[in-house]
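What follows is one structure encoded as structure tokens, with my remarks underneath.
Only a predicted model underlies this, so the values are computations on that prediction, with no experimental measurement involved.
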Amino acid sequence: MLDLCKYIIGVDLGGTNLKAGIVGRDGNILHQFSIKTNAHAESQIISHQICELIAGIIKSARIEKPDILGIGLGSPGLIDKKGETILFSPNLSKWRDIPIKRIISDTFGLPCILENDANAAAWGEKWVGAGKDVSSLVMLTLGTGIGGGIILDNKLWRGINNTAGEIGHMSIQADGPLCNCGNYGCIEVYASAPGMVRRFRELLESGKASLLKKDEEITAKRINEAAVQGDGASLSIIEETGRYLGIAIVNIIHILNPGAVVLSGGLIGSGELLMRPVKRTIEERVLKASYKDTKILFSQLGTDAGIIGAAGCLLKELEISA
């Protein structure tokens with residue numbers, strides 16, 4: 001019966017946006033919606049938002065329930081060993097101990113899989129994206145936070161407690177700023193969107209001239225756009241962000257020696273302005289034998305990786321060609 005179903009619903013819960021898509025079994029998104037995430041809302045409100053979004057996209061796409069294979073949900077944070085409950089998410093302050101898999105499955109009467117959002121995005125890139133030609137990859141999702149997904153020998157690596165891949169909380173500066181996770185000097189503090197904005201504002205306060213003014217709304221997207229226009233302050237922040245990411249990637253290469261490291265998320269909007277310092281830092285610091293066969297790539301699926309990957313994880317869980 002399941003093999004006759006045509007569609008999967010992929011849901012990507014981010015610190016900024018909540019997205020859902022109808023995904024075909026070939027990995028193509030056929031229909032999608034996006035709404036803003038209320039990052040500080042009570043967990044019940046966010047759970048209700050997710051269910052409303054799923055119901056809304058089923059209705060708007062005009063598909064019938066018998067045509068839906070199931071629902072894949074990618075969520076930030078730590079997930080319990082059974083893959084049923086969100087334990088903790090640093091960037092969603094009240095998103096704790098939520099049995100979201102059961103809530104969704106009971107609401108819609110469909111199979112549901114819960115996966116860390118970065119793991120889901122990594123699987124999307126492995127399934128139909130930048131990593132489809134390698135057996136092992138590490139993906140960094142660069143946005144409100146920094147997530148990590150690890151695939152080794154064509155399988156997601158989740159770790160003994162289902163918490164592997166928290167690359168954003170790799171400490172690269174022992175006495176660095178406090179992170180949302182409670183640690184200090186995490187890569188997320190420096191190279192996430194809020195980290196970029198914080199460092200940019202510090203640069204403006206020091207007197208650095210910029211096309212962007214300190215009394216304006218400053219976002220990572222605007223910094224990227226200004227950098228593309230040649231703004232010196234923005235270029236400096238992008239360069240510095242690339243160095244931080246390069247240091248983190250060197251550590252990843254030395255530990256895992258993957259076939260590819262894939263960068264995704266809103267922060268890659270500056271393109272080669274970011275990639276050049278990333279690669280330069282890697283080449284300056286890495287053991288050459290470890291790096292010679294590793295590709296550093298931008299995501300091919302872009303902001304759709306989470307939706308596609310969540311759907312692919314559902315297929316993988318049900319062992320239906322993904």
Side-chain angles (χ1 to χ4, degrees), residues 1-14 17-38 41-77 79-80 82-86 89 92 95 97-129 156 162 301-322:
M1 176 64 181
L2 289 178
D3 273 335
L4 299 177
C5 299
K6 301 175 185 176
Y7 310 113
I8 314 101
I9 297 174
V11 181
D12 181 17
L13 172 59
N17 295 302
L18 172 59
K19 301 182 289 186
I22 305 293
V23 182
R25 289 171 59 168
D26 59 358
N28 286 318
I29 295 179
L30 309 174
H31 193 74
Q32 66 176 299
F33 274 169
S34 176
I35 59 175
K36 292 292 182 183
T37 305
N38 186 343
E42 296 291 337
S43 59
Q44 295 91 336
I45 293 175
I46 297 178
S47 300
H48 184 65
Q49 267 192 311
I50 293 171
C51 290
E52 279 195 327
L53 187 64
I54 293 170
I57 199 167
I58 292 172
K59 183 178 180 180
S60 67
R62 297 180 180 179
I63 59 175
E64 301 296 328
K65 186 175 171 181
D67 288 330
I68 301 172
L69 184 61
I71 300 165
L73 171 65
S75 174
I79 295 170
D80 73 317
K82 293 182 179 179
E84 296 178 351
T85 301
I86 302 293
S89 181
L92 295 171
W95 190 241
D97 299 318
I98 314 302
I100 190 66
K101 178 178 177 178
R102 176 181 56 78
I103 292 170
I104 291 176
S105 186
D106 288 353
T107 299
F108 295 97
L110 290 166
C112 178
I113 185 171
L114 171 64
E115 186 58 79
N116 171 270
D117 59 345
N119 282 351
W123 189 257
E125 292 292 341
K126 174 69 188 79
W127 180 25
V128 292
L156 272 170
N162 208 23
L301 305 181
T303 57
D304 292 336
I307 292 173
I308 294 170
C313 286
L314 187 281
L315 288 176
K316 186 71 173 176
E317 176 75 7
L318 297 177
E319 297 184 347
I320 299 174
S321 61

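The two atoms that bring Val11 and Ala310 nearest to each other are O-CB, 3.8 Å, heavy atoms only. Between Ala61 and His31, the shortest heavy-atom contact is CB-CD2, 3.9 Å. Cys313 approaches Glu115 most closely through the heavy-atom pair SG-CG, 4.0 Å. The two atoms that bring Gly83 and Leu114 nearest to each other are O-CB, 3.5 Å, heavy atoms only. Closest heavy-atom contact between Ile57 and Gln32: CD1-CA, 3.6 Å.
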Q: Quick one: do Phe108 and Ile54 satisfy side chain to side chain contact (heavy atoms under 4.5 Å, CB included)? Show the steps, please.
A: CA-CA 9 Å; Phe108 295 97; Ile54 293 170; 3.5 Å; yes
(Q) Please evaluate residues Ile68 and Ile58 with respect to the criterion side chain to side chain contact (heavy atoms under 4.5 Å, CB included), reporting the C-alpha separation (whole Å), side-chain torsions for both, the decisive distance (0.1 Å), and the verdict. (A) CA-CA 9 Å; Ile68 301 172; Ile58 292 172; 3.8 Å; yes
Q: Check the pair Glu52 / His48 against side-chain hydrogen bond (donor to acceptor under 3.5 Å, both in side chains), numbers first and verdict last.
A: CA-CA 6 Å; Glu52 279 195 327; His48 184 65; 3.2 Å; yes
Q: Decide side chain to side chain contact (heavy atoms under 4.5 Å, CB included) for Ile100 and Leu73; before the verdict, give the C-alpha distance in whole Å, the side-chain angles of both, and the deciding distance to 0.1 Å.
A: CA-CA 9 Å; Ile100 190 66; Leu73 171 65; 3.6 Å; yes
Q | Derivation and outcome, side chain to side chain contact (heavy atoms under 4.5 Å, CB included), residues Ile86 and Asp97 | A | CA-CA 5 Å; Ile86 302 293; Asp97 299 318; over 6 Å; no
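In this structure, Trp127 CH2 and Leu315 CG are separated by 5.0 Å, a value rounded to the nearest 0.5 Å. If you take OG on Ser75 and CG on Asp117, they are separated by 6.5 Å, rounding to the nearest 0.5 Å. Of the inter-residue distances, the one linking Asn116 atom CG with Leu156 atom CG reads 9.5 Å to the nearest 0.5 angstrom. For the atom pair OH of Tyr7 and CD1 of Ile22, the computed distance is 8.5 Å after rounding to the nearest 0.5 Å. To the nearest 0.5 Å, atom CD of residue Gln44 and atom CD1 of residue Ile103 are 8.5 Å apart.
One N or O on the side chain of Thr37 and one on the backbone of Leu18 form a donor-acceptor pair closer than 3.5 Å. For Asp12 (side chain) and Lys19 (main-chain N/O), no donor-acceptor pair under 3.5 Å exists by modelled atom type. In terms of modelled atom types and a separation under 3.5 Å, the side chain of Glu125 and the main chain of Leu301 share a donor-acceptor contact. Formation of a donor-acceptor pair under 3.5 Å by the Ser60 side chain with backbone atoms of Gly56 is found in this model. Not a single donor-acceptor pair under 3.5 Å links the side chain of Asp67 to the backbone N or O of Lys6.
The side chain to side chain contact (heavy atoms under 4.5 Å, CB included) test with Leu314 singles out one residue from Ile71, Ile9, Ile8, Leu110, and that residue is Ile8.
You'll find the side chain of Thr85 stays beyond 4.5 Å of the side chain of Lys101, heavy atoms only. Using a 4.5 Å cut-off on side-chain heavy atoms (C-beta onward), Glu84 and Ile79 make no contact.
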